[in-house]
Every structure is written in C-alpha cells, then in structure tokens.
Amino acid sequence: MSITQAILPVAGLGTRFLPWTKSVPKELLPLGNRPIIAHLVHECLDQGIDDICFVISRGKEGIPEYFQRHPELEAELAGRGKSHLLEELSRYDNVRFHTVYQDQQLGDGHAILQAKDWVDSDYIAVLFGDDLFTESDSALKQLQDALHSLSEDEKGAIIALENIPLEHTPRYGIVSVEKEHDAKPRIKKLNGLVEKPKSEDAPSTLGIVGRYIIPRSTVEILPNVEGMEGGEIRLIDALIAQLGSEHMYGYECEGKRIDTGNPEGYKHAVNIFCE
Ligand code: UTP
C-alpha cells in the first residue's frame with residue numbers, strides 16, 4: 001500500500017498570531033530560508049507523496065503561490081548563472097498541487113471535507129500545519145512504517161500520538177488503548193477517542209498530534225458528523241463514528257513535537273531548526 005495523496009488544512013484564522021496573521025499566513029513564517037509550510041510539504045515528498053491538496057481560506061493564496069513556478073525569476077537566475085538556486089526552485093516541478101477553499105472555519109473535519117472530490121486513493125495522509133517534529137524520521141514516516149508493518153486485513157486509520165502531562169488533557173484529543181502491538185508497543189490498537197477531556201476523565205495521557213493517515217471512508221463520512229459539536233465538523237468525531245467499522249491505531253511518535261502555531265512555540269522552533 002503506497003500513499004500518494006496528502007491533505008494540508010491551513011485555512012485557520014491563526015488568532016494566536018494576530019495581528020501578524022491579518023495579512024500574512026502563519027504557515028509562511030520562515031524556519032531557515034523556507035516557510036513552515038515547506039517543511040510539511042518536504043515531509044510528504046520524502047515519503048513519496050507527490051499529490052498535495054492545500055485547504056486554504058481567502059487571503060491565504062500566498063501558500064499555494066509559494067510552490068508555483070516563477071518563470072521570470074528562473075530566467076533571471078539562469079542569466080546570472082545561479083544554478084544552485086535554480087535547482088532549489090525546481091524542487092516542486094513534478095509535484096501536483098491542488099488548492100480548495102474553506103469559506104468558513106467550521107472545524108478541522110470541515111476543512112478536510114472540502115478536499116473530498118479530489119481524493120482518489122484508498123488512504124490519505126493529513127498534516128496539520130502547526131506541528132513540526134524534530135526526530136530524523138518524520139512523524140509521517142513513522143506512521144507510514146507502522147501501517148506497513150500491519151497485515152493487509154489489519155490496516156486502518158493511524159494517528160500520531162504524544163504522551164502529554166495529565167494536566168494538559170483538556171487541550172488534546174485523547175485516545176483509549178485496547179492493546180499495544182506485541183512486537184512494536186508504540187503501535188496502539190484504539191477502542192476510544194475523546195476530545196479535550198478533563199484530566200480526571202481522560203482514558204490515557206496519549207494526546208493526538210498533527211499527523212494522520214486515514215482511509216478514504218473517513219473523508220466520506222465527514223458530512224454525517226456535521227454539527228455534533230457547536231456546528232463544527234471535527235475529524236475526531238468521524239474517527240469515533242468509525243471505531244466499530246475500521247481498525248483504528250495510534251502511534252506514539254519518537255522525537256519532540258513543536259507547536260509553531262503560537263509566538264512562543266515558533267521561537268522555540270527557530271532555535272531548533274535554525275541552529
Ligand atoms: P487551530 O485550532 O490551531 O486554529 O487549527 P488556527 O486558526 O490555525 O490557529 P489559532 O488557534 O486561531 O491561533 C489547527 C489546524 O487546523 C486548521 C488550521 O489551519 C491549523 O492548521 N484548520 C482549523 C482549518 O484549516 N480549518 C478550520 O476550520 C479549523
């Protein structure tokens with residue numbers, strides 16, 4: 001099973017970065033000489049995923065534009081003999097980029113739903129823009145390797161997990177573990193998911209972080225979970241609805257995760273990625 005498609009929902013308002021995000025999407029903040037969003041795209045390309053759909057909102061067109069060709073600039077660089085820069089710019093020449101709009105921020109599941117007609121493979125990677133991982137094996141690679149190690153009839157959705165402090169459970173989706181994989185205990189078979197539980201109600205301290213591999217069926221049932229939470233469509237509700245029908249796994253990722261979606265986390269990411 002090879003995964004070739006990824007959805008990158010980047011339509012959020014970015015309120016934690018206001019007023020900067022009034023005019024510039026936080027996903028275009030630089031880490032080194034590349035914007036954050038390029039780090040996510042490279043995570044996909046490194047895994048052989050070359051069909052990428054951005055879900056954006058109005059005003060965030062700079063995100064897909066970054067990955068488009070720029071013939072005038074290329075001609076200028078060629079004229080100046082800047083072949084190393086041309087090579088860098090040609091990195092995306094064979095990648096298929098697609099953009100869809102989310103007109104209202106009605107949740108992460110609603111964002112993914114906007115890409116439904118574009119999806120044409122059995123499994124799709126989903127990467128949320130704020131989370132970056134420091135491990136040399138990216139979180140997406142770790143998920144993909146975990147899925148590959150399961151037999152064909154065991155395969156299903158797999159979600160990146162992080163063991164978080166108990167007092168932080170109200171900030172995360174938290175999973176309930178049925179059992180750990182015998183040979184690879186980082187792979188957890190799940191029998192429950194709950195959004196942002198109070199610490200005393202949390203079934204574990206394993207929190208969902210921004211990488212998923214989901215079967216196409218998850219995208220297809222998103223309209224059925226509409227409005228379950230204040231009019232939002234949440235990915236977690238679709239996964240909860242599928243607990244009886246699809247195998248569901250979590251993978252406790254190796255490495256450190258950085259939330260670049262707020263100024264403090266971004267500062268930390270700059271220190272780590274630009275040292
Ligand atoms: P967040 O909840 O962090 O929202 O979404 P945000 O708007 O990016 O940032 P804050 O909280 O207002 O500062 C997590 C991810 O889901 C996407 C966001 O773009 C981000 O990558 N998202 C969220 C959407 O694409 N659409 C939505 O309706 C909600």
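For ligands, and for the atoms within them, numbers begin at 1 and follow the listed sequence. The residues of the chain are indexed from 1 along the displayed sequence.
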[X] heavy atoms, cut-off 4.0 Å: which ligand 1 atoms fall inside?
X    : value
G107 : 26 (N), 27 (C), 28 (O), 29 (C)
A111 : 24 (C), 25 (O), 26 (N)
G129 : 21 (O)

**Study point:** Side-chain ion pair, K60 and E27, N-O less than 4.0 Å
**Key:** yes
Looking just at side-chain N and O atoms, do [X] and [Y] make a donor-acceptor pair shorter than 3.5 Å?
X    : Y    : result
Q144 : Y251 : no
T260 : D130 : no
Q102 : Q114 : no

Review point. When the ring planes of H98 and W118 are compared, do they come out parallel, tilted or perpendicular, using 30° and 60° as the limits?
Key: parallel
Heavy-atom nearest neighbour in the protein, as seen from [atom], with distance rounded to 0.1 Å:
atom                    : answer
atom 19 (O) of ligand 1 : G12 N, 2.8 Å
atom 12 (O) of ligand 1 : T15 OG1, 2.6 Å
atom 16 (O) of ligand 1 : F128 CD2, 3.4 Å
atom 1 (P) of ligand 1  : R16 NH2, 4.4 Å
atom 6 (P) of ligand 1  : K26 NZ, 3.5 Å
atom 26 (N) of ligand 1 : Q102 OE1, 2.7 Å
atom 25 (O) of ligand 1 : A11 N, 2.9 Å
atom 5 (O) of ligand 1  : D130 OD2, 4.8 Å

So, the side chain of [X] versus the backbone of [Y]: is there a donor-acceptor pair under 3.5 Å, distance only?
X    : Y    : result
D131 : G210 : yes
E154 : S151 : yes
T134 : K256 : yes
E61  : G59  : yes

Practice item. Say whether G14, considering both its backbone and side-chain N or O atoms, lies within less than 3.5 Å of an N or O atom on ligand 1. Key: yes
Does only the side chain of [X] get under 4.0 Å from ligand 1, or the backbone, or both, or neither? Count heavy atoms.
X   : result
V10 : backbone
P9  : both
V55 : neither

Study note, to complete from the structure: Nearest heavy atom to atom 7 (O) of ligand 1, choosing from L13, L40, L18, belongs to L13
Review point. Can S176 and N191 be said to form a side chain to side chain donor-acceptor pair (under 3.5 Å), step by step?
Key: CA-CA 6 Å; S176 164; N191 59 6; 2.7 Å; yes
